[in-house]
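Since the structure comes first, as structure tokens, the remarks are kept for the end.
Counting starts at 1 for both ligands and their atoms, in listed order.
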Amino acid sequence: MLNDPFHQPAPLILPSILSANFGILSSEINEVMGAGGDLIHLDIMDGHFVPNITIGPPVIKSIRMATKAYLDAHLMISDPLKYAPVFAKECGVQLINFHVEAVGDSAAAAREIRKLGVHVGITLNPETPAEMVYPALDEVDMVLVMSVHPGFGGQSFMPEVLAKVSAIKKRMRPNQRLEIDGGIDAHTIVRAYEAGADWFVAGNAIFGKIDRALAIADLRAQLAKVRWRQPEAEIKDK
Ligand code: DX5
Ligand code: ZN
């Protein structure tokens, strides 16, 4: 696949459309991708797993038709296994991130989602211990660490999750990625990168700026200042 971000060396920047203007969503997506975003992060909330409701299959199908960007579906929903097939097969997302708090057997959940032909990520809330994702680690392409309580954009980064980022990263294979989501800006991105994160979701820090290209360039410039960490190698075989 041409735009498969698992074949691009990390770090990557993932604009989260939660802070976009939904009235002109396709132009917002095309703008941030043209401005240097690597892939699009979709925040899908059901008003039950989290106290907010966002978008579902009809909107995501339209997004799929409006962009060639790789789509990362962050499922903040109570029954991810029920809805994963529609997101994978009908909406054309390429990565499904399910919350460990929403499933019983996380390794089995990851295997079931992989059968749909998508990349698989396991996500954990700020207060969820790292150990919760370890049973599924061999089954996933990535771990997504929440650095805010999920539900809303524009919240403050929680530095207490950084120790968890480092602990999880130590157990991951080089071809797996660690994504971080919530409160990422030009300051917090440096701390998250130093702790071991590779993919950086940013909503407010990109869509909240008039010049989105400048905002993304600023995030990349901060990462480039961190000299001691080598970029993750491009994945040759997967
Ligand atoms: C929060 C979402 C995040 C959010 C990030 O529940 O999962 O993806 O949009 O937004 P910022 O970068 O503004 O914290
Ligand atoms: Zn998210």
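Comment: Asp38 engages Arg220 in a salt bridge, judged by a side-chain N to carboxylate O separation of less than 4.0 angstrom.
Residue-ligand proximity: His149 is placed with every non-hydrogen atom at 4.0 Å or more from ligand 1. Assignment of Ala205 to the shell around ligand 1 is not supported, since no heavy atom sits closer than 4.0 Å.
Among protein heavy atoms, the minimum distance from atom 10 (O) of ligand 1 is reached at Gly153 CA, 3.7 Å. Looking only at heavy atoms of the protein, atom 12 (O) of ligand 1 is closest to Gly203 N, 2.8 Å. With hydrogens left out, the protein atom closest to atom 1 (C) of ligand 1 is Phe152 O, 3.6 Å, a heavy atom. For atom 5 (C) of ligand 1, the nearest protein heavy atom (residue, atom name, distance) is Asp181 OD1, 3.5 Å. Gly151 N, 2.7 Å is the protein heavy atom nearest to atom 6 (O) of ligand 1.
Checked options Arg177, Arg114, Arg173; the residue passing with Asp141 is Arg114 (criterion: salt bridge (charged side-chain N to carboxylate O under 4.0 Å, His left out)).
Below 30°, between 30° and 60°, or above 60°: for His74 and His99 the angle between ring planes is below 30°, a parallel geometry.
When OD2 of Asp181 and NE2 of His41 are joined through the Zn ion (ligand 2), the resulting angle is 100° to the nearest 10°.
Taking distance alone, with nitrogen or oxygen atoms compared against 3.5 Å, Met76 stays at or beyond that limit from ligand 1.
Taking the Zn ion (ligand 2) as reference, the nearest N/O/S atom within Asp43 carries the name OD1.
Residue-level proximity to ligand 1 for Pro150 is carried by backbone and side chain together, each with a heavy atom below 4.0 angstrom.
Between Tyr193 and Trp199, the distance from one ring center to the other does not fall under 6.0 angstrom.
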